[in-house]
Protein chains: 2
Amino acid sequence: MPETELVVAAPHRELLDQVLNKWSLAILNELCERPCRFNDLRRAIPAVTQKSLTATLRRLERNGIVERVVVSSRPVAVEYRITPLGKTLRHPVDVLLEWAAAHMPAIEQARARFDEA
Amino acid sequence: MPETELVVAAPHRELLDQVLNKWSLAILNELCERPCRFNDLRRAIPAVTQKSLTATLRRLERNGIVERVVVSSRPVAVEYRITPLGKTLRHPVDVLLEWAAAHMPAIEQARARFDEA
DNA sequence: CAGAATCCCGTGCGATACTG
DNA sequence: CAGTATCGCACGGGATTCTG
């Protein structure tokens, strides 16, 4: 039934955009290991800017993937944790990354062939 | 080993951007069913503009996911087909879509909770 | 420490018009 | 039929500065 798949495709695309954008995977990866403070994440993912990190965390929080916990005030301490829902994302993402790892060589060959033409 | 995962993350992200952008999934979905002409795809995916369709097909072609076959000239006829490499993408994508379908309700609840605050 | 505010740029994507 | 060309905008994301 290709029709239902297509109908279903639109909202799913939007969801994937929320959850699979540039820094989400790196963040997910960290938070699956352990809860992290904001600056822990910055250190773990040196390439991310503070703005993008904030934005991505907010997006993930909004979608119920991560949880923002204020640990203490004075000085402010915040901890980000993966939620149970977030953990369910791990498997699909891993499958995807394994695919990427497995076929990267073939893909680079394809690119090389395409680019010379 | 979180380190290898992170090192590996960057090139993979780039690959996922190439292969999982807005119209890729719909196109993949169609071409997995059957080879399609350009306008077949336009009809099958009414919301896509011609420009985006062309761009996405080129990207997928460059990455070896789809194949562009000129069937005849006068009048020009072109057929797009999924490649063997492209077929290997099906499973990871399906896993992802199944995840999306399964957890969509929970995610919409999370959004509703987040948005009211 | 954990951001918010501001500025700016690239580009993904849509809309429209044209072509071999 | 299968595109190319052009315009234009919204937005993701980087760099920098400031703050409770």
Side-chain angles (χ1 to χ4, degrees), chain A residues 9-28 30-31 34-63 65-81 114 117, chain B residues 9-10 13-28 30-31 34-63 65-81 114 117:
Chain A
H12 287 16
R13 272 275 358 135
E14 182 228 349
L15 178 52
L16 298 187
D17 281 341
Q18 298 271 316
V19 156
L20 264 76
N21 49 18
K22 186 164 185 185
W23 300 107
S24 302
L25 297 193
I27 294 176
L28 259 300
E30 285 311 306
L31 295 186
R34 65 189 180 290
C36 282
R37 307 269 294 273
F38 189 82
N39 283 330
D40 289 343
L41 287 170
R42 295 190 71 173
R43 274 184 292 274
I45 314 167
V48 73
T49 62
Q50 165 272 320
K51 177 183 172 183
S52 295
L53 182 54
T54 304
T56 306
L57 285 171
R58 287 289 171 282
R59 219 170 7 229
L60 293 177
E61 187 194 356
R62 176 168 184 269
N63 286 274
I65 306 297
V66 309
E67 186 188 8
R68 182 178 184 275
V69 184
V70 177
V71 175
S72 84
S73 47
R74 316 296 310 187
V76 185
V78 176
E79 212 175 63
Y80 290 93
R81 303 163 182 263
F114 184 93
Chain B
R13 273 274 359 133
E14 183 227 348
L15 178 50
L16 297 188
D17 281 341
Q18 296 272 316
V19 156
L20 264 77
N21 48 20
K22 185 165 185 185
W23 299 108
S24 303
L25 296 194
I27 293 175
L28 259 302
E30 286 309 307
L31 295 186
R34 65 190 181 288
C36 282
R37 307 269 295 273
F38 189 82
N39 284 328
D40 288 344
L41 288 171
R42 295 190 70 173
R43 275 184 291 275
I45 313 165
V48 73
T49 62
Q50 156 276 321
K51 178 182 172 182
S52 295
L53 182 54
T54 304
T56 307
L57 284 170
R58 286 289 172 283
R59 222 174 1 235
L60 292 177
E61 187 194 356
R62 175 169 186 269
N63 286 273
I65 306 297
V66 308
E67 184 189 9
R68 182 177 183 274
V69 183
V70 177
V71 175
S72 84
S73 47
R74 316 296 312 189
V76 185
V78 175
E79 212 176 66
Y80 290 94
R81 302 162 182 264
F114 184 95

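Each chain gets a letter, A, B and so on, in the order the sequences are listed, and its residues count up from 1. The figures that follow rest on heavy atoms only: side chains count, while hydrogens, waters and symmetry mates do not.
In this structure, B:Phe38 places its CZ atom 6 Å from P of D:dG3, rounding to the nearest Å. Atom pair A:Leu57:CG and C:dC1:C1' shows a separation of 14 Å (rounding to whole Å applied). Distance OH (B:Tyr80) to C1' (D:dG3): 8 Å, rounded to an integer number of Å. Regarding A:Asn21, its CG atom lies at a distance of 11 Å from the P atom of D:dG14, rounded to whole Å. Between A:Gln18 atom CD and D:dG13 atom P there is a gap of 11 Å when expressed in whole angstrom units. Per the geometry, CG belonging to A:Leu60 stands 14 Å off P belonging to D:dG12, to the nearest Å. B:Asp40 places its CG atom 7 Å from the P atom of D:dA2, with the value rounded to the nearest Å. In this entry the distance linking CZ of A:Arg42 with P of D:dG14 reads 12 Å, nearest Å.
Where A:Lys51 and A:Glu79 meet DNA chain C, the nucleotide closest to each residue was compared, and A:Glu79 sits on the side nearer the 5' end. Heavy-atom nearest nucleotides on DNA chain D were determined for B:Thr54 and for B:Arg43, and the one closer to the 5' end corresponds to B:Arg43.
Comparing D:dC1, D:dG3, C:dA15 by their closest approach to the side chain of B:Arg58 singles out D:dG3. Nearest nucleotide to the A:Arg68 side chain, out of C:dG3, D:dG13, C:dG14: C:dG3. The B:Trp23 side chain lies nearest to C:dG14 when the options are D:dA15, D:dG3, C:dG14. The side chain of A:Asn39 has C:dA2 as its nearest neighbour among D:dT4, C:dA2, D:dC1.
At least one side-chain heavy atom of A:Phe38 sits less than 4.5 Å from a side-chain heavy atom of A:Gln50. With a 4.5 Å cut-off on side-chain heavy atoms, A:Val19 and A:Leu28 do not count as touching. Residues A:Ile65 and A:Leu31 form no side-chain contact, since every pair of their non-hydrogen atoms from C-beta on lies 4.5 Å or further apart. With a 4.5 Å cut-off on side-chain heavy atoms, B:Leu25 and A:Arg13 count as touching.
Below the 3.5 angstrom threshold, one finds no donor paired with an acceptor across the side chain of B:Gln50 and the base of D:dA2.
Neither OP1 nor OP2 of D:dC1 sits under 4.0 Å from any side-chain N or O of B:Arg37. The phosphate of D:dG14 has OP1 or OP2 within less than 4.0 Å of a side-chain N or O from A:Ser52.
A distance-only check finds a donor-acceptor pair linking the side chain of A:Thr56 to the backbone of A:Ser52 [under 3.5 Å].
Using a 4.0 Å heavy-atom distance criterion, A:Arg59 is classed as a sugar-phosphate-only contact.
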